[in-house]
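This structure is a prediction, so every number in the text was calculated from the model and none was measured.
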Amino acid sequence: MYLTRLLYFSECNPELDPCIERILSSARTRNEVEEVSGALWFDGKFFIQALEGQRLAVSRIYHRIAADPRHCNIELVACEAIDTRLFGEWSMGYLAATKRNWANIFKFSGHRELKPREMSPESMLKFLLALEHDD
Ligand code: FAD
């Protein structure tokens with residue numbers, strides 16, 4: 001049917017332990033079943049996530065994620081019809097805030113710290129694509 005890519009960022013809820021391993025494990029299991037692929041950046045403060053797959057599957061998963069108390073201030077950055085997946089290799093690739101990945105921040109955000117609110121949808125997507133995955 002219709003392939004869709006959705007991009008959002010959010011802030012980690014400081015009152016709950018985000019336990020990224022647990023998030024990734026449940027994301028990967030469920031996304032695989034729904035044939036959804038994507039990537040997730042987490043730096044201790046912000047999550048940035050791309051989800052791609054059939055429109056209904058992406059929509060269903062996004063609504064579940066948006067209701068998750070482990071993060072807040074979710075901002076939808078883009079949601080568009082696509083012809084091909086960019087993150088097709090990963091049910092949910094983890095983009096960790098390693099030294100190497102951190103070096104890309106200035107290039108894409110224009111600041112030494114990550115300011116997702118100031119990033120265009122294009123920069124945010126390019127940022128995710130430029131990072132090394134930590135599987
Ligand atoms: P259950 O696992 O039964 O949990 C019930 C409720 O508790 C849900 O609202 C859940 O959000 C919440 N919850 C679960 N664990 C905790 C916890 N440790 N502390 C506090 N509340 C908790 N899921 C996907 O399927 N695909 C993804 O790509 C994906 N990405 C995510 C990205 C982020 C940044 C976050 C925070 C979560 C992500 N999740 C993803 C997890 C998703 O939000 C749901 O927790 C998961 O899909 C299970 O949903 P459920 O309704 O079966 O909830």
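Smallest separation of non-hydrogen atoms from Cys12 and Cys72: O-SG, 4.5 Å. Smallest separation of non-hydrogen atoms from Val77 and Pro121: CG1-CA, 3.6 Å. Closest of all the heavy-atom pairs between Phe46 and Leu114 is CE1-O, 3.6 Å. Ala39 and Leu95 get closest at one heavy-atom pair: CB-CD1, 3.8 Å.
Residues Gln54 and Thr4 have side chains not in contact (no heavy-atom distance under 4.5 Å, counting atoms from C-beta outward). The closest side-chain heavy-atom distance from Leu16 to Pro69 is below 4.5 Å. Leu40 has its side chain within reach of Ile23: a pair of non-hydrogen atoms, C-beta onward, lies under 4.5 Å apart. Contact annotation: the side chain of Asn31 approaches that of Met92 to within less than 4.5 Å [non-hydrogen atoms, C-beta and beyond].
Applying the side chain to side chain contact (heavy atoms under 4.5 Å, CB included) rule to Ala103 yields no partners; only residues at least two apart in sequence or on another chain are considered. Residues passing the ring-ring contact (aromatic ring centres under 6.0 Å, His included) test with Phe9, sequence neighbours excluded: none. Partners of Leu86 by side chain to side chain contact (heavy atoms under 4.5 Å, CB included), not counting sequence neighbours, listed by chain and number: Arg5, Glu52, Leu125, Leu129. Taking the side chain to side chain contact (heavy atoms under 4.5 Å, CB included) definition, one finds that Glu132 meets it with Arg100, Asn101, sequence neighbours left out.
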Run the numbers on Ser91 and Glu32 for side-chain contact (heavy atoms from CB on, under 4.5 Å), then give the verdict.
CA-CA 6 Å; Ser91 55; Glu32 217 165 289; 4.0 Å; yes

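The salt bridge (Lys or Arg N to Asp or Glu O under 4.0 Å) contacts involving residues 8-19 comprise Glu11-Arg117, where partners must be two or more places apart or lie in separate chains. Note on residues 54-74: pairs passing salt bridge (Lys or Arg N to Asp or Glu O under 4.0 Å), not counting sequence neighbours, are Glu34-Arg60, Asp68-Arg70.
Residue Leu76 holds its CG atom at 8.0 Å from CG of Leu7, rounded to the nearest 0.5 Å. To the nearest 0.5 Å, atoms NE2 (His133) and CH2 (Trp90) are separated by 3.5 Å. The structure places CD of Gln49 at 8.0 Å from OG of Ser10, a figure rounded to the nearest 0.5 Å. The CD1 atom of Ile65 sits 8.5 Å away from atom CG of Leu6, with the distance rounded to the nearest 0.5 Å. Atom OG of Ser37 and atom CZ of Arg85 lie 4.0 Å apart (nearest 0.5 Å). Interatomic distance, Phe127 CZ to Ile105 CD1, rounded to the nearest 0.5 Å: 4.5 Å.
At a cut-off of 3.5 Å, with distance as the only test, a side-chain donor of Ser120 or Ser123 sits close to an acceptor on the other residue.
The hydrophobic cluster containing Leu51 also contains Ile74, counting ILVMFWY residues as joined when their side-chain heavy atoms lie under 4.5 angstrom apart, directly or transitively. At a threshold of 4.5 Å between side-chain heavy atoms, the hydrophobic network of Ile, Leu, Val, Met, Phe, Trp and Tyr places Phe42 and Leu24 in one connected group.
Of the listed residues (Trp102, Tyr8, Phe87), just one forms a ring-ring contact (aromatic ring centres under 6.0 Å, His included) with Trp41, and that residue is Trp102.
The neighbour count for Glu35 CD, taken as heavy atoms of other residues, nucleotides or ligands under 6.0 Å away, does not exceed 12.
The aromatic rings of Phe47 and His71 lie perpendicular to each other, with more than 60° between the two planes, well past the 30° mark.
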